[in-house]
Amino acid sequence: MILVLSCIAIKINLCFPNILSSLKTLPIDGHFNFEQLHHAAKDFGNRYSFLPLAVLHPNSVSDIATTVKHIWQMGPGSDLTVAARGHGHSLQGQAQAHGGIVINMKSLQGLKMQFHIGNLPYVDVSGGELWINILREGLKHGLAPKSWTDYLHLTVGGTLSNAGISGQAFRHGPQISNVHQLEVVTGKGEVVTCSGKQNSDLFHGVLGGLGQFGIITRARISLEPAPEMVKWIRVLYTDFATFTRDQEELISGESTFDYVEGFVIINRTGLLNNWRSSFNPQDPVQASKFKSDGRTLFCLELAKYFNRDETAVVNRVRRPFNHQWKQRN
């Protein structure tokens with residue numbers, strides 16, 4: 001038994017330098033990093049920490065395809081896994097690869113966005129591009145994506161591999177429902193274009209597939225005209241039943257708000273003093289109802305999009321609920 005285990009250990013040690021040398025000789029435009037790896041062993045969830053063998057910084061989609069194909073051809077005996085990492089906002093180590101290869105998708109941010117203007121506008125973007133950059137460039141054309149995430153410093157490939165849910169999802173669906181086409185590197189290292197009509201199984205598998213069916217390297221995102229102005233409102237609740245009833249009413253209505261999201265507030269010191277409200281926070285009667293210290297409050301965040309010529313109509317909207325609210329244009 002000791003002899004067998006010793007042989008296995010010797011075999012692994014002999015294979016390890018072979019794997020490293022084979023990665024170093026791959027014909028890619030980018031580069032591998034074999035030393036500065038600790039950042040790739042962390043994510044937003046902060047629950048898992050798996051150190052990879054190397055981090056690939058690709059300069060092109062071809063770099064990713066070449067690497068994945070090489071690992072595929074090595075076979076399962078190499079025990080190498082691959083994980084695409086965007087901004088590292090996964091919760092359970094999805095963007096990590098224990099002893100494997102992490103692909104830094106942000107290295108592809110430099111690829112140019114291509115906006116298509118018309119009745120059905122869209123933009124072709126790299127899977128490593130950040131949503132905040134799409135917004136900034138889109139506004140130059142008077143356009144914006146239909147569905148967002150709350151935090152915009154996330155990559156396109158990252159959120160599309162999950163779902164991409166926020167306050168617009170009740171109206172437009174999550175981000176994965178607003179994609180026309182994808183370019184994907186499969187587990188065999190093939191670069192495949194897919195859509196609802198072309199390679200549809202791959203298309204629907206990759207969207208929301210947590211990176212298990214391929215790596216999104218490019219996406220065609222549906223756009224809509226960007227509003228000129230937004231009325232932003234927060235409504236505070238102390239009663240959960242009333243909070244959920246109002247939220248359900250808003251998302252089921254035809255012409256209510258364009259953004260509806262609810263969340264819970266626990267032990268937020270100085271909550272009212274930090275929010276501009278429609279009542280004086282020093283009012284002991286009203287303010288005492290919404291003291292958050294040691295209590296649980298509920299909040300609806302609402303937004304109505306409009307253009308400047310609609311300002312008078314939107315400003316005629318009165319308080320929709322008998323609860324504390326604040327607004328900002």
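Along the sequence shown, the residues carry numbers beginning at 1.
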Task: Distance-minimising heavy-atom pair for Val156 and Trp131 - done: CA-NE1, 3.6 Å
Task: From CA spacing to verdict: side chain to side chain donor-acceptor pair (under 3.5 Å), Asp258, Gln168 - done: CA-CA 6 Å; Asp258 299 291; Gln168 301 103 326; over 6 Å; no
TODO: Please examine the side chains of Gln181 and Thr193, heavy atoms only from C-beta on, and report whether any two atoms are closer than 4.5 Å.
DONE: yes
TODO: Name the orientation class of the two ring planes belonging to His89 and Tyr151 (parallel below 30°, tilted from 30 to 60°, perpendicular beyond 60°).
DONE: parallel
Open item on the list: Any side-chain to backbone donor/acceptor pair from Asn307 onto Glu310? Under 3.5 Å, distance only.
Closed with: no
TODO: Could you tell me if the ring centre of Tyr237 sits under 6.0 Å from that of Phe243?
DONE: yes
Task: Same apolar cluster (I L V M F W Y, side chains within < 4.5 Å links), Met105/Val102 - done: no
TODO: Flag yes if Leu80 and Phe32 sit in one hydrophobic cluster, no otherwise; membership is Ile, Leu, Val, Met, Phe, Trp, Tyr, and two members link when side-chain heavy atoms are under 4.5 Å apart.
DONE: yes
- [ ] Given side chain to side chain donor-acceptor pair (under 3.5 Å), test Ser22 with His70 step by step and report yes or no.
- [x] CA-CA 9 Å; Ser22 68; His70 175 70; 3.0 Å; yes
Open item on the list: Just to verify, which of Asp246, Thr244, Asp239 counts as forming a side-chain hydrogen bond (donor to acceptor under 3.5 Å, both in side chains) with Thr242?
Closed with: Asp239
Task: cation_pi(Lys24, Phe34) dist<6.0 Å, angle<=45 - done: yes
- [ ] State, yes or no, whether a side-chain contact exists between Thr67 and Leu26 at a heavy-atom distance under 4.5 Å.
- [x] yes
